[in-house]
J.: 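Got a structure here, written out as structure tokens. Questions coming.
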Amino acid sequence: MDIGNQTAEEPLTANISSYESTTMETPYTIPCWAPDDYLITERFWICVVAGITVSIISIVFNTFIFSVFVNNKQHRRSPNLYLLLLSLFDVFIAFAYIAVMSVRILVNFTSSVFLKSIWVRYMIPMLTVSHIGITSSTFLICFASIERYCITVNNFLVPYLQKHRPILAFIAIMCGVVSKGTIVKEVDIQLNPECYGELNYWKVVPSSLLYEFPRFNQYWRFYFRNIFTILAPFFILLLVNCLLLFQLREHVRRSKCGDQDKQNVKEKKARIRATTKSVVIIVCTYLMSNLLSVIITIWEYLDSASIFSENWLAFYVLSVDVISLLTIVASSARLPIYAYFQPLLRKEMGECLSKWCCCVTEKDKKLSLLDELQIPKTQFISTPDGESPSISSKIEFV
């Protein structure tokens, strides 16, 4: 089995910033019917079983978070604007994970030609949207943590950050669009006429743009994109998180010494600490979920030949799948973080859930009442023969 050809699609669909994946074009050397079965069992459990489960949880949790934030004008005018947009992007990312990653593994696991014919139709735009969402979410977390740090230390930049918060959120989204929007032109679906009607009739390959402009491939896709979207945000958030942790310790120490503070001042400080803690934990989940990605990126920069060698290829392929899964795990963990560290937000979430439950209960009561009202009315409907009402009479009544 030719391992290099079996995994030719991996760096493209999962790690689009890999330079090594587009330096040479791989010819058709595998049979038309053969699926990509390299580590397929392990990857099925990672991307399909665990991936779909976590993605569904993320979609449900983040849809709920978005509904809570968007229905309250106060959240839209506060630093929670970043978290509102973050939850929206998390929904798209989780949906795109299932559509791109999980379905791709499912295609190879089942050798379904029909499923692959559907997958290749939407894969490129969906892959682009998912990467835009991931990068935009990263910068939304960056701006949210920076503003939270400035609020914690009462920095002079706080009024500026609050006034221009919508613009900064737009800039965060545009960072994702600009840095990852070109993916749609970097990947192509190549057709093999010899395999018409079989599994390998379609193949994901680098587009001709990357071969015609090698500097674009090297400097934009590898250097700029890896530094701008992976390394820089990671170390910025690492620094800001350390500073926030230090300030939290200072706030706790001062609160123990300042027992003479008024009650309302204490409550305000407690709310600030609670919000700061939630931001710190969110940043920690981001850092932990992206640590492996940073290691792989630095490894590619220092020694790209070794990571694609036969000795390390299995580690690389599974690492790419785990990196993608950890992104979804981090997004699904945000609702429990908000609920645990922010009592006021937890109370608001509970009220929102109770309203939904009351609406469902009220709807059930109305339906049951309508049924009760319909029962005696149908009894008055009779046929000329004096028989019981026909089914058509009931349908006409309803």
Side-chain angles (χ1 to χ4, degrees), residues 58 61-62 64-70 72-93 132-177 179 228-230 232-248 251 271-290 327 329-342 344-346 348-349:
S58 178
F61 281 7
N62 285 287
F64 176 67
I65 295 172
F66 178 79
S67 63
V68 171
F69 284 157
V70 80
N72 191 330
K73 187 182 294 184
Q74 185 178 358
H75 289 305
R76 300 196 299 268
R77 295 180 177 178
S78 71
N80 287 339
L81 173 65
Y82 295 117
L83 306 183
L84 185 154
L85 295 172
L86 181 62
S87 62
L88 180 62
F89 279 110
D90 284 341
V91 172
F92 285 114
I93 292 169
I132 290 174
I134 292 171
T135 303
S136 299
S137 299
T138 300
F139 283 96
L140 286 171
I141 295 174
C142 284
F143 286 134
S145 61
I146 290 172
E147 181 174 345
R148 176 52 49 188
Y149 173 74
C150 293
I151 292 173
T152 304
V153 300
N154 198 18
N155 192 275
F156 70 95
L157 291 174
V158 171
Y160 175 82
L161 295 175
Q162 292 175 342
K163 181 180 178 181
H164 298 90
R165 189 181 296 123
I167 298 176
L168 294 174
F170 177 76
I171 292 174
I173 296 173
M174 290 307 299
C175 286
V177 173
S179 62
F228 183 73
T229 66
I230 298 177
F234 181 88
F235 289 107
I236 289 173
L237 286 172
L238 182 62
L239 174 62
V240 174
N241 215 40
C242 292
L243 295 174
L244 280 171
L245 286 171
F246 175 77
Q247 291 299 325
L248 274 176
H251 273 277
R271 288 196 298 269
I272 293 175
R273 286 197 300 270
T275 307
T276 304
K277 286 179 182 178
S278 65
V279 173
V280 167
I281 300 301
I282 288 172
V283 174
C284 284
T285 58
Y286 168 83
L287 295 174
M288 289 186 292
S289 64
N290 283 271
T327 302
V329 171
S331 65
S332 63
R334 288 181 184 125
L335 176 60
I337 292 171
Y338 297 151
Y340 182 80
F341 287 99
Q342 299 190 48
L344 292 178
L345 186 57
R346 180 171 63 246
E348 185 176 349
M349 290 177 178

J.: Would you indicate whether the side-chain heavy atoms of Leu287 and Phe234 approach each other to under 4.5 Å?
T.: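 Yes, at least one pair of side-chain atoms sits under 4.5 Å.
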
J.: How far does CG of Leu237 sit from OH of Tyr286, to the nearest 0.5 angstrom?
T.: 6.0 Å

J.: With distance as the sole test, does Thr135 use its side chain to make a donor-acceptor pair with the main-chain N or O of Gly176 at under 3.5 Å?
T.: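 No; judged by distance alone, with no hydrogens or angles, the pair does not exist.
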
J.: Flag the pair Ile167 / Phe170 as yes when at least one side-chain heavy-atom distance between them is below 4.5 Å, and no otherwise.
T.: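 No; the side chains remain at least 4.5 Å from each other.
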
J.: So which heavy atom on Ala169 is nearest to which on Leu81, and how close?
T.: CB-CD2, 4.5 Å

J.: For His75, is there any backbone N or O sitting under 3.5 Å from a side-chain donor or acceptor partner on Ser78?
T.: yes

J.: Does Phe139 reach the side chain of Met174, with side-chain heavy atoms less than 4.5 Å apart?
T.: no

J.: Tell me the closest heavy-atom pair linking Glu147 and Pro79, and the distance in Å.
T.: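 For Glu147 versus Pro79, the nearest heavy atoms are OE2-CG, 3.4 Å.
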
J.: Take Arg148 and Leu244, measure what side-chain contact (heavy atoms from CB on, under 4.5 Å) needs, and give me the verdict at the end.
T.: CA-CA 8 Å; Arg148 176 52 49 188; Leu244 280 171; 4.2 Å; yes

J.: Rounded to the nearest 0.5 Å, what separation is found between the OG atom of Ser87 and the CZ atom of Phe64?
T.: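 Going from OG on Ser87 over to CZ on Phe64, the span is 11.5 Å.
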
J.: Measuring only between side-chain heavy atoms, which start at C-beta, is Thr229 closer than 4.5 Å to Thr138?
T.: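 Not in contact.
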
J.: Is the shortest heavy-atom distance from the side chain of Leu83 to the side chain of Ile65 under 4.5 Å?
T.: no

J.: Which pairs would a plain distance check flag for residues 332-340, meaning a side-chain donor or acceptor within less than 3.5 Å of a matching protein atom at least two apart in sequence or in another chain?
T.:
residue	atom	partner	partner atom	Å
Ser332	OG	Ile328	O	3.3
Ser332	OG	Val329	O	2.8
Arg334	NH1	Asp90	OD1	2.9
Arg334	NH1	Asp90	OD2	2.3

J.: How long is the span from the CG atom in Leu245 to the CG atom in Asn241, to the nearest 0.5 Å?
T.: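 Reported value, rounded in 0.5 Å steps: 5.0 Å.
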
J.: Under the side-chain contact (heavy atoms from CB on, under 4.5 Å) test against Ser137, which residue among Leu86, Leu88, Ile173 passes?
T.: Leu86

J.: Are Ile132 and Phe92 close enough that some pair of their side-chain heavy atoms sits under 4.5 Å apart?
T.: no

J.: For the CE atom of Met288 and the CD1 atom of Ile281, what is their distance to the nearest 0.5 Å?
T.: 7.5 Å

J.: To the closest 0.5 Å, what do you measure between CD1 (Ile151) and CG (Leu161)?
T.: 8.0 Å

J.: Would you say the side chain of Ser331 lies within less than 4.5 Å of the side chain of Ile93, judging by non-hydrogen atoms?
T.: no

J.: If we count only N and O atoms by modelled type, under 3.5 Å, do the side chains of Gln342 and Ser278 hold a donor and an acceptor together?
T.: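 Yes, a side-chain donor-acceptor pair sits under 3.5 Å.
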
J.: Less than 4.5 Å apart, any side-chain heavy atom of Asn290 and any of Ile230?
T.: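 Contact flag for Asn290/Ile230 side chains = no.
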
J.: Nearest 0.5 angstrom please: Ile146 CD1 to Ile236 CD1, how far?
T.: 6.5 Å

J.: Is it the case that more than 12 heavy atoms not belonging to Arg346 sit under 6.0 Å from its CZ atom?
T.: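 Buried by this count: over 12 neighbours within 6.0 Å.
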
J.: How close do Phe89 and Gly133 get, counting heavy atoms only, and between which atoms?
T.: CD2-CA, 3.7 Å

J.: Is a side-chain donor or acceptor of Arg76 paired with a backbone partner of Val70 at a separation under 3.5 angstrom?
T.: yes

